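Whatever order the structure lists ligands and atoms in, that order sets their numbers, starting from 1. Positions are given from 1, in the same order as the sequence printed here. The model shown is predicted, which means the values in this text are computed figures rather than measured ones. The analysis underlying the following values was restricted to heavy atoms, covering all of them including side chains, and did not include hydrogens, waters or symmetry mates.
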Amino acid sequence: MTRIRQQNVTAAQWSSNGRVLGALDLTLPENDPFGANVFSVAVQRDRLPADVFEKLQATLAGGEALDPSLADAVAEAMKEWALEKGATHFTHMFQPLTGSTAEKHDSFFEPEGEGTVLAGFSGKELIQGEPDASSFPTGGVRATFEARGYTAWDPTSPAFVLENPNGALLCIPTAFASWTGEALDAKIPLLRSMDALSRSAIKALRLLGDEQSQRVFTTVGAEQEYFLIDEQYFFERPDLISTGRTLFGAKPPKGHELDDHYFGSIPERILAYMLEAELEMRKLGIPVKTRHNEVAPNQYEIAPVFENSNVGSDHQQLMMQVMKSVARRYGLVCLLHEKPFAGVNGSGKHNNWSMSTDTGSNLLDPGDTPADNVHFLFFCAAVIQAVNKHQGLLRASVASIDQDHRLGANEAPPAIISIFLGAELNKVFEAISSGEGDPHTPASFLELGATVLPALPMHGGDRNRTSPFAFTGNKFEFRTLGSSESLAFPNTVLNTIAAEAIDELAGKLEEKVSGGADTATAVIDIVRESYAANKQICFDGDNYAEEWHTEAEQRGLKNLRTTPDALPEVLTEQTVKAFGDYGVLSKRELESRFEVCVEQYAIRANIEAEMTSSIAKTMILPAALRYLALLGEAGISSLNSEVRGLVDGLVTALAELEEANACPDDLEGLDLAIHARDKQLAAMVAVREASDKLEKVVADDLWPLPKYEEMLFIK
Ligand code: ADP
Ligand code: MG
């Protein structure tokens, strides 16, 4: 058997990781480990002195700052609890601008006089940390010699214990700021935006007659797509190791054309992995609920129940970490890259978003008769207005080099932002704006034509899976996020722009009502005006179609195809104004984010380009030359000249790539990113094309990289 075939047989073998889950009857609620490793409200009630517990809960409910005098008691209880869970260390976990999480571990134990140790953890250590932060990207907020940065405890996101086979770690979610108080992370702006939205929404609710609600929370529930491949192939591919995606690989004869994977029965090894990963997530209090096979071979999806945006966003980061670490226990690698395999569907992350009051009402719940639901119409109109005004910023909020391979690739929404309202809401808004026609959609049932089958109540409209921003029942689903992305920034943007639009509409409402109009009539007037001014953003058709691109351009919608096109939206006047007015990010903080994103793009493009050149030169070209020598020996000239032509093509393309990689020194910032896009990434495409053609002719046992059919179909 050839080397490759033998490896495939090995890769297909797996062991069930010692029946880790086998001992427990997980159908018994008391065996569900949900929250077992979380310093939850229940644990706090149990362990904190009663007065401390009450004060802590009261500050959290009111969204107020914590009384520092509570910190020592909380720290003591947290430490005792963590030690019982086997934790020897603690860390402030934060989210720097790299998009991932950061941690530095400190031991609880300190030496005492007589060669013994004592476990300690003070309120000060809980509340504030001071990591040497000089190596995190700051986008010019700070010079590198100014190393000081602070982490600050976020008491609204529960602390948890992370287990490892050889110990455990107490993780404390924290915010991360510079010495001068500027946000250097993803959490601070998210929390600020949640405050802003709450203030605007409460003000509007008062005008609408709600005297009860005190706070409005934004909610998020993400649907996460990912690939699992055997780790053997992963470690044989330097491109996967260094860039997260395959820089080479010909399309296999079988892709997903047969649609035999989507929602198919989950392969046993994968299901075993999912069960263990979900169990770990449940211990950490992540409310995972749904799992299924996705469209592409070896692609899957996992979705939790929604939570408030801050906790949901923290949990999402943790979830990705657990997904990756548990995969290795099954000989798998979890790929979160947006487009690990060219020509095969990529992975996204649907961001379901809504707003709920502390009294439990979802402001985007249309109820049975949306046409008569004044609250709903008001908030829905505000969202439409916000998305239309800040469409470019929303696009920028999900921009990354990885996303550029996915957006608009007939599997993911295009780079053009538009809103799908669905037939029922469309009818409502059109009727209101034209003042004509019945806005109501009568309840209807679907008869299936077989007497034993029940009549199904029908939704007010079909779904539209091509839409980047779709209303789905009682929430909006922002579908443009990439699978590896943090939820924090897109939700920061959503909250901020919604807060602004709610205020704009509320201002008009106040005017009309004080001029003597009754509230319901005034709301309908405002909704009519706002919808008429913003309906260009609403589109119910096929977002994949070429005609939509033309129509969107005629409508004046933005089509920001690549990251360098999109990022300047972060610094437009209207972005700076909205983020400044609502105290979410100052101009300087926005500039720092812009700079970090631009820099990350250029660096990552360069890594990919260098990696492409290296693999082509040191792995693919030698294989092709060996094959050419074989053909020479065999003396079959037709084959020989075909392969020689392909090799020539590769050598030429490689020379162009090397030239592009030798970038002029004077380029920086956005110019460097544009150079990377137009020169390096373009040259990589040519190298890949030449190589992928060779893959189809060079002897299989000489080919140095695992192929798509192996990575995607061996489970
Ligand atoms: P759908 O099938 O329309 O996508 P689901 O009920 O399956 O709807 O929910 C999909 C995702 O939407 C889940 O992650 C869920 O947590 C989230 N979700 C549901 N309601 C809300 C809400 N009010 N706010 C935010 N996310 C929500
Ligand atoms: Mg969905």
Under 4.0 Å from a heavy atom of [X]: which atoms of ligand 1 are those, numbered in the order shown and with their elements?
| X | answer |
| --- | --- |
| N362 | 23 (N) |
| E477 | 4 (O) |
| T219 | 22 (C), 23 (N), 24 (N), 25 (C) |

Please report whether ligand 1 has a polar contact with [X], defined as an N or O pair separated by less than 3.5 Å (distance criterion only).
| X | result |
| --- | --- |
| N352 | yes |
| A303 | no |
| W353 | no |

message: Could you check whether any heavy atom of P304 sits closer than 4.0 Å to an atom of ligand 1, since that is the contact criterion I want to use?
response: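 For ligand 1, residue contact (heavy atoms, under 4.0 Å) with P304 is present.
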message: For W548 and F539, take the angle between the two ring planes, folded into 0 to 90°, and tell me which bin it lands in: parallel under 30, tilted 30 to 60, perpendicular over 60.
response: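 It falls in the parallel class, under 30°.
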task: Quick one: sort the F489 and F579 rings into parallel, tilted or perpendicular, breaks at 30° and 60°.
output: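 Judged by the thresholds at 30° and 60°, the geometry between F489 and F579 is tilted.
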field: NZ/NE/NH1/NH2 to OD/OE distance under 4.0 Å, E500 and K389
entry: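 Salt bridge between E500 and K389, a charged N being under 4.0 Å from a carboxylate O: yes.
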- prompt: Backbone, side chain, both or neither: what part of E223 comes under 4.0 angstrom of ligand 1, heavy atoms only?
  reply: side chain
message: Could you walk me through whether Y582 and D195 satisfy the side-chain hydrogen bond (donor to acceptor under 3.5 Å, both in side chains) test, starting with their C-alpha distance in whole Å, then the side-chain angles of each, then the deciding distance to 0.1 Å, before giving a yes or no?
response: CA-CA 9 Å; Y582 288 86; D195 283 345; over 6 Å; no
